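So the structure is just underneath, and the comments pick up after that.
On a predicted model such as this, the values are computed, not experimentally measured, just so you know. Protein chains get the first letters and strands the later ones, always in sequence-line order, with residue 1 at the start of each.
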2 protein chains.
Amino acid sequence: MSARQVELIELAESLIENFGLEAFSLGNLAKKANIRTPSLYKHFSSLMELEHIIISRGFLRFAKDLNHVIETAASDSDEDNIAALAAAYRAHALAHPQIYRLMTERPLDRALLIPGSELAAMDALLQYFDETPEQHDRARAAWAAAHGLVSLEISGRFPPGANIAGAWGVFIEAFSR
Amino acid sequence: MSARQVELIELAESLIENFGLEAFSLGNLAKKANIRTPSLYKHFSSLMELEHIIISRGFLRFAKDLNHVIETAASDSDEDNIAALAAAYRAHALAHPQIYRLMTERPLDRALLIPGSELAAMDALLQYFDETPEQHDRARAAWAAAHGLVSLEISGRFPPGANIAGAWGVFIEAFSR
DNA sequence: GTCTATAGTGGGATAGAC
DNA sequence: GTCTATCCCACTATAGAC
């Protein structure tokens, strides 16, 4: 990937976060880059390709954040560990809410993803739980619950007074061994 | 709401479910109704208005389904009750996946909703749990977990061999008292 | 690597006749 | 309640000059 490509990708990422996922278009990206729309095709073959590069980068960054927590915050208390993982999940999603939406809301064209990127984030979670098939169910349920919590928060579904931290507390308790 | 309006709304709902949320546009709706696009403005003041009518109807239908389960399937076993509620949640979302997406993926313009419709579905869940503030956290965590499970399933995020029912089993166990 | 020019499609919305 | 005509906008994408 050329330096110019990376520049444009990062510009696209900031476009998405600052103006919303719906503002993600070649026209808006070109405006931000001070070039014309057709010039972008010298760097990316299509919008879909660029989109899946951004999604892949999102997965890899997410995996990095989660793995960092798993490696550094290994406490004796399982509840503390789950709490740290949960906090990292929420913090990451709320730091990049629009790219999180891009990563999760629609089916993927997996052929366009950077190989291994999608699994990287999930592996961080699977690795925390045991590796038996039964624990895979547990890991997936925990993943889904965390995803549900952040996705409802991002789309503004909790009522104004809702104690979101309290709901996360229930989650942590439910998934501690 | 006139009979013609209801006809067009139902046509829009079937358009969304049969061709995907992305196909929801006035042009496509007009085609399905065999009229011209501008004619739709005699029935709805804007696309946003129509969209929020469909969302409101989705909330009310969801509430109806969940309440039906709560009223009829009241077993002595709490786990059975949660399981029935979970099954109803999943069945509803998978029966109307595209409208479920419309209902949950983006922030709402609540002024355009049918009053009370958004709370109706949530009230079905809150009512199942106790009504103390602590149990609200529990109800919201359960709601989020169920939402996460269906939303990941709809967007094709579980790997091909994943035991989705197994993950729901973990959910049911975790939220039984 | 950027440009201009252009094609083709689709979108939401309004005015005014019937 | 439907139509035609129209507007203006946005979008992805290609061809070819520089």
Tell me, with the steps shown, if B:K32 and B:S14 meet side-chain hydrogen bond (donor to acceptor under 3.5 Å, both in side chains). CA-CA 10 Å; B:K32 271 208 103 176; B:S14 85; 2.8 Å; yes
What's A:S46 touching, base or sugar-phosphate or nothing? Going by heavy atoms closer than 4.0 Å. sugar-phosphate
Kindly point out which of D:dC3, D:dA13, C:dG1 is positioned nearest to the side chain of A:L26? D:dA13
B:F44 has an atom CZ; how far is it from atom P of C:dT14, in whole Å? 15 Å
Heavy-atom nearest nucleotide on DNA chain C taken for B:F24 and for A:H43; more 5' hit belongs to A:H43
What nucleic acid atoms does A:S39 come within less than 4.0 Å of, heavy atoms only: base, sugar-phosphate, or nothing? base
Is the B:F19-B:F24 ring centre distance short of 6.0 angstrom? no
Is it true that B:R57 and B:E13 make a salt bridge, defined as a side-chain N closer than 4.0 Å to a carboxylate O? yes
Length of the CG-P vector between A:L29 and D:dC11, whole Å: 11 Å
Considering just the side-chain nitrogens and oxygens of B:N28, establish if one lies under 4.0 Å of OP1 or OP2 belonging to C:dG11. yes
Consider the side chain of A:R4, meaning its heavy atoms from C-beta on, and name the nucleotide among C:dT14, D:dT12, C:dT2 that approaches it most closely. C:dT2
Kindly determine whether A:D123 and A:Y128 satisfy side-chain hydrogen bond (donor to acceptor under 3.5 Å, both in side chains), including the steps that lead there. CA-CA 8 Å; A:D123 279 352; A:Y128 176 80; over 6 Å; no
For the side chain of A:T37, starting at C-beta, report the closest nucleotide among D:dT14, C:dG12, D:dT12. D:dT12
Which nucleotide sits closest to the side chain of B:I35: D:dT12, D:dT2, C:dT2? D:dT2
Quick one: is C:dT4 close enough that its OP1 or OP2 comes under 4.0 Å of any side-chain N or O from A:R36? yes
Rounded to whole Å, the CD-P distance (B:E51 to C:dG12) equals 10 Å
Counting side-chain heavy atoms from CB outward, which of C:dG1, C:dT14, D:dT2 is closest to B:Y41? C:dT14
Tell me the interatomic distance from B:K31, atom NZ, to C:dG11, atom P, rounded to whole angstroms. 6 Å
Which nucleotide in the set C:dC3, C:dG12, C:dT14 lies at the smallest distance from any side-chain heavy atom of B:L47? C:dG12
Above 12 or not: heavy atoms from other molecules or residues under 6.0 Å from CZ of B:R106? no
